[in-house]
Amino acid sequence: ECGRINLPTPTVHLGDPLTASCIISPNCSHLGPETQIVWKVGRESQPGKRQQRLEDGSQEFTVTIPRLSSPRVLLSCYLRWGHSLQMLDQAEVQAGYPPAAPHNLSCLMNLTTNSLICQWEPGPNSHLPTNFTLKTPFFWVPGSRGNCQTQEDSILDCVPSDGQNHCSIPRRHLQLYQNMGIWVQAENALGTTKSPQLCLVPMDVVKLEPPTLWALPPSPEAAPPQPGCLLLRWEPWKPSLYIEQKCELRHQPRLGEASWDLVGPLLSQTLQYELCGLLPSTAYALQMRCTRWPLPGQWSDWSPSLTL
Amino acid sequence: ECGRINLPTPTVHLGDPLTASCIISPNCSHLGPETQIVWKVGRESQPGKRQQRLEDGSQEFTVTIPRLSSPRVLLSCYLRWGHSLQMLDQAEVQAGYPPAAPHNLSCLMNLTTNSLICQWEPGPNSHLPTNFTLKTPFFWVPGSRGNCQTQEDSILDCVPSDGQNHCSIPRRHLQLYQNMGIWVQAENALGTTKSPQLCLVPMDVVKLEPPTLWALPPSPEAAPPQPGCLLLRWEPWKPSLYIEQKCELRHQPRLGEASWDLVGPLLSQTLQYELCGLLPSTAYALQMRCTRWPLPGQWSDWSPSLTL
Amino acid sequence: TGPLPQSFLLKCLEQMRKVQADGTALQETLCATHQLCHPEELVLLGHALGIPQPPLSSCSSQALQLMGCLRQLHSGLFLYQGLLQALAGISPELAPTLDTLQLDTTDFAINIWQQMEDLGMAPAVPPTQGTMPAFTSAFQRRAGGVLVASNLQSFLELAYRALRHFAKP
């Protein structure tokens, strides 16, 4: 090996200086009357600074880059050999920032996938490969008084798939009705940081799928609906039948610019509603959404429009 | 344990008889003056045959099902206990056939996935869980004279994903220009069988992606095309540029029922072709396909229609 | 509702409905896939296997006693958690349903334990699982599944009536 580059660290802060050295082994330095080294940062030559002879006879050439201004720099050490430059070694230097603390961490309990899905915002780009990990204590422990103080020893790591800023914690790692502390850790070569801890009860952030809504045709048994009224029927999303819910109905004439009219709350025991005050011979779009209630929960999306 | 069913084998040939026995342990047979057993095949009762006392004091009740006619049978042994029937044990019997030899094995070398994709037909349903495995020798061995005699010791197993009748052998297991023996094994509880062996050279079954075809606008430099003629240009699929190919062009008036007119072979060096004999003011659909040539290969699919 | 917060009672009722729905799913699959539809045909086997049925006397309408009911409810759920765990390996078709039932039963037990702690009535030492029945064959695990699911449904029906009584504003 003729020459080798020594870097104090392969990763530095963007904008900081960098000092590197190129060690020329004795069996190489006899090549010319006087060993001459040329440094290149990327393609540009960079004047070397000092040179000194080491005990073992090899020579150390040092260079300082005053200010690293790009996230990835290729530093090469060339030996002048007759009329040519011979590249002896090349080192890659990464420059960036310590990770910013992830923020806006929010979670939803999804009953379809039976998992707690959390997402966050990574914050400004650190220009360095950064690993995000969603963290939460593994077990509920008797005596933990159900608050979010976490024992550091048993932490579950949820690693998102590449480049994603969301992660799903599967059902078997969840106590659905207990407080759990949850946060995101960001880590790169220049440091580690954490988002603020979120303290939540998975079921209290359950987001249901929309209900199914349909209009009841006038039937001989039931009294005919009043003029300008419509008999509606709905059914909560099947997997959420065990959850007490309240729902909201909105309707809007399909043509024109009228905004939505809101009707609610409709409790999930009723499942039927006579909607009145409708304009005659006007096509309407109707939608419904539900949420866990009186226990806390998230509103479902609006159901697909029922057009009448 | 009160009672246990003994089966000679959990899997039998469809249509064959089955004899099973229910062993009633001594600590259970004291329950009534005389132990009475009721057999059920599925939900239907089945008269028991013999009964005998064994040395250890337990009683063996035997039943014979003359002809197993469904692929999955639940056989239950009940003890009459007062006015109720108590289920003591239940056994699942599978009935089917040994696997049929897979046939119509064919393979294509896919340069996009860089793998040899083979597919086959499984043959009639054996009614039993059957595992299909694509098999080929692991290595080409110097001196193996490039024919398809396979040494049994080093066989690569390609296991298709559930229920699929195709499997892909990745590039690192292939010698693209050597003969390789390849076959499919089918195995279930009643036996094992093999498809006939295919002997092929992966590159000789390469299937290319279609070329790209476009019409050249009349340009000042080049001579204007003859009336009723069209200057076409094409480019073979980029990853196959290293492969010598011949191509075929087909064209057809877009309206009416006229069949395709075929033009070829067009060698892949030319890349340009003046197509004449076209009807004036008639919209045409043109398509092209290519194959490795003169070395063997498979025709690509026709390119998407170029409509002019 | 006395010392019990309304939200705790509402959560318990919700969890009970969930565990009952899970139990029904397990029973339906056992019946459809393995023709094991009648627990009354498995009484003898249940005795032989020694499948315990936890007491719920303090929740019965005759002797309704809130704290006693909570304690019995928790130790009963804790026992069912162990029984369901002992059924592991029941069959590929049933495993997902059994897992969900076991997870929801465990969550329910934790919810009650947490509330007992908040009321300062939780025993100092958390309960430990006793010896469970040994299911030595696939059939015994499935038959055990029928019996455990059926017993759990009756257990919850009694508890549901009791807690609904406490939840009345």
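Reminder, nothing fancy here: chain letters follow the sequence lines and each chain counts from 1.
Of the atoms belonging to C:Asp104, heavy atoms from both backbone and side chain fall under 4.5 Å from chain A. Only the side chain of A:Pro294 comes within contact range of chain C, judged by heavy atoms closer than 4.5 Å.
Side-chain contact, C:Gln15 with A:Tyr242: no donor N or O sits under 3.5 Å from an acceptor N or O.
Taking OH of A:Tyr177 as the reference point, atom OG of C:Ser7 lies at 12.0 Å (rounded to 0.5 Å). Atom CG of C:Leu13 sits about 9.0 Å away from atom CG of A:Leu295, to the nearest 0.5 Å. Between atom CG of residue A:Leu176 and atom NZ of residue C:Lys11 there is a gap of 11.0 Å, rounded to the nearest 0.5 Å.
The two residues C:Asp107 and A:Leu174 have their closest heavy-atom pair at OD1-O, 3.7 Å. The two atoms that bring C:Glu14 and A:Glu244 nearest to each other are OE1-N, 4.3 Å, heavy atoms only.
Within a 6.0 Å radius of CZ in A:Arg254, other residues, nucleotides and ligands contribute 12 heavy atoms or fewer.
The stretch residues 165-173 of chain A places A:Arg171, A:Arg172 near chain C, each with some heavy atom under 4.5 Å from a heavy atom of that chain.
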